[in-house]
Amino acid sequence: MDADVIVVGGGGAGLAAAASAAELGASVLLLEAERELGGSTQLSAGLFTAAGTSVQAGLGIEDSAERFFQHYMDLNQWMLNPGLIRTFCEQAGPTLEWLIGLGVEIPAAVSHHAHMPGLCQAGVEDVWRGHVPKDQGLGLVQVLAKACRASGVEVVLGTRVQRLLEEDGRVVGVVADDLEVRAGAVVVASGGFAHDPGLLERYYPAAGRAGDALFVVAAPGSRGDHLRFGEQVGAAVTGAEWGLLMPTAYFQRLHHWQSGFPPRSRVHVNGHGRRFMDEDASYAVSGGIIDAQPGPVWAVFDERARLGLPAGYAHWTPQVVRAEAEAGRTARAGSLDELAALIGVPADALAATVARWNEQLPRGRDDDFLRHRTLAAKGSDGPPDPIAEPPFYAVRTLPAELVCTHAGLEINPSAEVLDARGAVVPGLYAAGEAGAGVLGPRYVGGGNAVANALTMGRIAGRNAGLPTPSQF
Ligand SMILES: Cc1cc2nc3c(=O)[nH]c(=O)nc-3n(C[C@H](O)[C@H](O)[C@H](O)COP(=O)(O)OP(=O)(O)OC[C@H]3O[C@@H](n4cnc5c(N)ncnc54)[C@H](O)[C@@H]3O)c2cc1C
């Protein structure tokens with residue numbers, strides 16, 4: 001054997017697996033296809049969902065894995081395997097503490113968004129569970145990479161694993177650079193498949209429904225190799241049809257922290273010209289709400305809102321909105337009646353929607369959709385302005401920013417890969433986007449995917465590094 005454990009992929013799941021296996025004394029070889037470690041984890045805000053943590057306790061918040069489990073299962077309509085989700089919810093907190101022990105910094109402070117270290121509202125949970133680390137995903141990767149170095153993990157960059165090595169029904173290694181490398185166990189942590197159009201069509205067709213507006217922010221290594229490895233050994237695939245498409249304006253092409261944010265003073269209207277949601281609702285639910293609407297959805301705002309857009313972003317700027325309007329791709333009109341005609345909604349409904357909004361939120365409350373509560377959680381100062389100053393704008397808004405995919409190799413609570421009969425594929429583990437079953441139909445909020453990658457990665461690494469797997 002060349003190593004006790006081979007880890008395929010050096011993003012969050014792979015690094016957590018490698019560090020955990022090495023902590024147990026296993027010899028670990030980590031192969032990473034790209035020229036640097038990190039994958040999508042490095043691009044992320046590092047937001048991590050967990051319950052019952054020291055950070056929550058530092059803010060006086062009482063929480064438990066049991067409560068997290070109930071919320072997780074309810075939000076996902078119990079369409080996930082409760083045993084797996086229970087393990088995930090129980091281990092996410094200890095994994096966060098392990099990261100803190102390794103050097104990740106998360107202050108016990110209120111955070112209002114994914115770029116402010118501390119604790120924020122992750123989704124639609126009743127207690128806050130979004131842990132934002134200092135230095136975001138990059139910080140997590142750096143701390144884990146340091147732990148790997150310290151425990152003797154051998155890291156090889158620029159080496160894309162081509163296939164698994166199988167003997168007598170057991171996975172015994174991998175082939176990379178046309179060389180066979182043998183190990184006692186293999187952990188597949190190669191991320192998702194957001195950059196493979198064929199796999200998207202097969203396993204996440206919702207992405208295709210975004211049409212030309214679709215753009216992918218996942219790391220370039222997200223090529224779906226896990227699904228090819230799985231085919232080789234008859235692994236079961238689960239999580240098809242699910243992923244995270246964040247709502248975005250049709251003209252955005254970068255993750256929202258680079259593209260920028262739509263004006264606070266806006267309403268989302270559907271094909272009936274009616275408002276139907278809290279415009280700042282978490283992406284745990286907002287994509288689904290938008291998808292459920294009759295007709296296209298539009299963000300409607302006025303000239304004052306356009307001019308108030310802050311500088312420094314790539315797409316949501318006063319100049320880009322004006323240019324889009326001049327090109328005829330963003331609707332712009334001197335009155336709400338004309339705007340309604342341009343976007344094909346009833347004029348009286350649009351006028352009533354805007355009038356209702358103007359008499360509510362700009363005066364401090366949104367009794368229809370409770371947006372004042374979301375704005376408060378985001379630390380917003382003061383109510384938004386009325387929508388009253390022509391010209392008026394309507395920007396097509398839809399779930400089209402592809403962040404991560406959920407279809408992968410089905411795993412059990414020990415992160416062992418299962419075959420089509422539900423039996424363990426000996427010697428094979430998977431975690432992160434590659435190991436499926438934790439990320440469900442509803443993303444539970446910011447931090448769901450990083451928590452999945454690091455928690456299940458740690459479980460995979462510990463079990464792969466042990467002579468006999470357990471759920472520890
Ligand atoms: C811009 C952005 C922001 C995000 N923000 C958050 C957030 O704040 N919180 C959250 O929970 N989620 C967030 N996500 C999602 C989350 O980051 C990912 O789902 C998660 O980090 C995936 O971890 P992973 O280890 O499974 O995959 P990755 O981190 O992508 O790592 C997989 C690695 O495997 C490598 N690889 C692929 N194929 C092979 C092969 N054949 N051989 C060797 N190596 C291979 C890849 O190059 C890559 O480095 C964000 C995603 C993006 C893109």
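Below, each value reflects all heavy atoms present in this structure, side chains not excepted, and no hydrogens, waters or symmetry copies. All ligand and atom numbering here is 1-based and tracks the order in the structure. What you see is a predicted model; the values in this text were computed from it and never measured.
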Straight-line distance of F193 CZ to H406 NE2, nearest 0.5 Å:
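Here the interatomic distance stands at 9.0 Å.
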Checking side-chain polar atoms at under 3.5 Å, does Y443 have a donor or acceptor matched by the opposite partner on S282?
no
Side chains of E23 and W98 only: does a donor on one sit below 3.5 Å from an acceptor on the other?
yes
List for me each residue that meets salt bridge (Lys or Arg N to Asp or Glu O under 4.0 Å) alongside R421, sequence neighbours excluded, and say none if there are none.
D419
Assess R86 against F69: is NZ or CZ under 6.0 Å from the centre of the six-membered ring, and within 45 degrees of the ring's axis?
yes
Sort out the contact shell of ligand 1: every protein residue with a heavy-atom distance below 4.0 Å, listed by chain and number.
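For ligand 1, the contacting residues are V8, G9, G10, G11, G12, A13, L31, E32, A33, E34, G38, G39, S40, T41, L43, S44, A45, G46, L47, T159, R160, V161, A189, S190, G191, V217, A218, G221, D225, F229, H255, V403, C404, G432, E433, Y443, G447, N448, A449, V450, A453.
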Does the side chain of Y429 reach to within under 4.5 Å of the side chain of I411, using non-hydrogen atoms?
no
